[in-house]
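Read through the structure below, which is laid out as structure tokens, and then see the notes.
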2 protein chains.
Amino acid sequence: MDRNAEFRRSKAQFLGKADLSRKGSVDEDVVDIVQLLNTRDQFFTTSSCSGRILLLDGGVNGFEVQKQNCCWLLVTHKPCIKDDVIAALKKANGDAILKFEPFVLHVQCRQLKDAQLLHSAAVDSGFRNSGITVGKKGKTMMAVRSTHSLEVPLSHKGKLMVTEEYIDFLLNIANQKMEENKKRIERFYNCLQHALERETVTHSHPKIKEKNNSSYTRKKKGNPEKACGKCMTEENDEEPEHDDDDPGISINIFPEEY
Amino acid sequence: MDRNAEFRRSKAQFLGKADLSRKGSVDEDVVDIVQLLNTRDQFFTTSSCSGRILLLDGGVNGFEVQKQNCCWLLVTHKPCIKDDVIAALKKANGDAILKFEPFVLHVQCRQLKDAQLLHSAAVDSGFRNSGITVGKKGKTMMAVRSTHSLEVPLSHKGKLMVTEEYIDFLLNIANQKMEENKKRIERFYNCLQHALERETVTHSHPKIKEKNNSSYTRKKKGNPEKACGKCMTEENDEEPEHDDDDPGISINIFPEEY
């Protein structure tokens with residue numbers, strides 16, 4: 001079987017299986033992205049989460065939490081209020097941790113160039129920890145990941161270590177991150193759609209490539225908040241990141257791309 | 001110029017430049033890894049941080065911190081005590097955040113297969129958010145990233161929102177993460193060294209590949225805590241991760257690798 005046929009077979013097999021997640025379905029905020037990718041021959045999604053606020057009751061040792069074994073006291077993909085967290089915390093008897101986990105998406109890609117297109121759209125939309133994995137036999141995956149998280153220990157051996165006022169303050173921040181995460185998902189959807197349209201036009205009508213580019217430019221001007229390219233610079237400025245642009249990391253600026 | 005010559009030229013140019021980081025030098029705990037990679041023809045490192053505890057004084061809005069513009073109240077690559085954080089917090093007048101940021105490393109690779117070797121060693125050592133980036137002109141980067149972080153808002157508009165007891169509790173967790181991070185760095189160094197040795201032997205003496213593999217097996221048995229393969233399973237179990245193995249994410253288990 002050639003690679004394309006093998007990819008088609010794997011995709012059909014994968015998408016035909018039941019969703020094995022706890023929730024059993026794709027999160028509402030990412031349904032459009034998942035559908036957009038799965039209708040394309042060169043992609044299929046293998047896992048996703050739109051982003052969530054999570055309260056875990058872990059072992060009595062901050063970093064030895066095993067998410068699959070520990071107790072999930074609360075999980076929500078929507079903004080969260082203090083009373084829900086306070087009520088959930090009453091059930092904690094280990095070390096409870098509040099986390100905000102941003103959007104994550106795993107996509108299997110037919111070829112490296114497909115993963116590159118996806119990676120570029122993800123990074124341009126603010127998902128700067130995205131990356132490609134290529135297995136020994138050529139299986140190519142793209143993971144969309146953000147730097148935009150929160151992880152706060154709240155109790156120790158069942159004893160609450162912070163005030164209710166602090167929990168309120170913290171949820172305000174977590175909810176803001178949730179909101180920002182949602183904007184990035186929308187931006188990613190738009191970026192991806194534009195990139196896929198450009199790719200289709202370039203492949204099917206190479207001669208009208210130029211025309212298509214200028215039409216895209218007009219669209220960007222007319223609706224800047226939905227444009228892809230424009231958002232990227234703003235995004236990169238506002239994001240605290242442990243990465244290349246951080247002057248605290250030992251780095252040289254690479255003078256050119258090749 | 002062919003690709004190999006171009007890579008050699010870029011490497012020489014990059015490594016010949018001054019280190020532009022705040023610190024101006026490579027962190028002690030990652031010097032061995034940086035040297036190991038830079039002595040190999042197929043790699044050069046472009047940035048690194050061994051991992052650190054950081055106290056930032058950001059804008060009055062948790063997620064709008066701009067790391068380059070905000071004030072760094074404290075930064076340490078070693079375990080941290082409460083008194084240092086309390087003293088540093090006195091200088092905060094915005095929203096101070098305590099972060100633990102794990103090891104991060106960016107490596108430019110000559111070919112995709114070099115990035116794959118590096119990626120595999122990183123994931124096997126516990127750095128599960130590692131990923132490859134391939135630019136439009138073929139520039140191939142590998143980023144080593146961990147899921148192992150902490151991000152805790154401590155004050156709002158200069159007012160401390162938590163108790164000293166909580167800060168002590170929090171630093172205990174941050175210091176444990178620092179310790180675990182250091183173990184993973186050592187594991188990564190060992191994994192990488194083994195992978196590079198195997199690669200060299202396979203390339204230069206394909207006929208003794210089998211012999212080399214068995215000698216590696218013996219080495220593993222003799223010193224299991226330094227072995228690469230063994231650590232990987234333990235690691236994957238203990239790590240809380242927003243990823244494929246998390247039953248909360250919409251996912252099917254992919255039946256085979258190809």
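In the text below, chain A, chain B and the rest are named by the order of the sequence lines, each starting its count at 1.
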Next item on the list: Evaluate the side-chain proximity of A/F169 to B/D95: yes if any heavy-atom separation is below 4.5 Å, no if none is.
Entry: yes
Next item on the list: Hey, could you give me the CG/NE2 distance between A/L170 and B/H156, rounded to the nearest 0.5 Å?
Entry: 12.5 Å
Check: So what's closer than 4.5 Å to chain A heavy atoms on B/S120: side chain, backbone, both or neither?
Finding: neither
Check: Side chain, backbone, both or neither: which part of B/L150 has a heavy atom under 4.5 Å from chain A?
Finding: both
Next item on the list: Flag yes if more than 12 heavy atoms outside B/K82 fall under 6.0 Å of its NZ atom; otherwise flag no.
Entry: yes
Check: Contact part of A/L112 toward chain B, heavy-atom cut-off under 4.5 Å: side chain, backbone, both or neither?
Finding: side chain
Checklist line | Verdict with reasoning, A/H148 to B/E151, per side-chain contact (heavy atoms from CB on, under 4.5 Å) | finding: CA-CA 10 Å; A/H148 201 224; B/E151 180 166 342; over 6 Å; no
Notebook entry, point to check: Among B/N172, B/V30, B/V75, B/V134, who wins on heavy-atom pairs under 4.5 Å with chain A?
Noted result: B/V134
Check: What part of A/T45 is in contact with chain B, defined as an atom under 4.5 angstrom from a non-hydrogen atom: side chain, backbone, both or neither?
Finding: neither
Note to self: Assess whether a salt bridge exists between B/K159 and A/E165, defined as any Lys/Arg side-chain N lying under 4.0 Å from an Asp/Glu carboxylate O.
What the structure shows: yes
Checklist line | A/T133 vs B/I132 side-chain heavy atoms within contact, under 4.5 Å | finding: no
Notebook entry, point to check: What residue, out of A/P153, A/A143, A/S50, A/G131, has the most heavy-atom pairs lying under 4.5 Å from chain B?
Noted result: A/P153
Item checked: Flag, side chain of A/Y166 to backbone of B/T163, donor-acceptor distance under 3.5 Å -> no
Item checked: Portion of B/T140 that has a non-hydrogen atom of chain A nearer than 4.5 angstrom -> neither
Next item on the list: Report the C-alpha separation of B/N129 and A/N129 in whole Å, then their side-chain angles, then the decisive distance to 0.1 Å, and conclude whether the side-chain contact (heavy atoms from CB on, under 4.5 Å) test is met.
Entry: CA-CA 8 Å; B/N129 276 0; A/N129 275 0; 5.6 Å; no
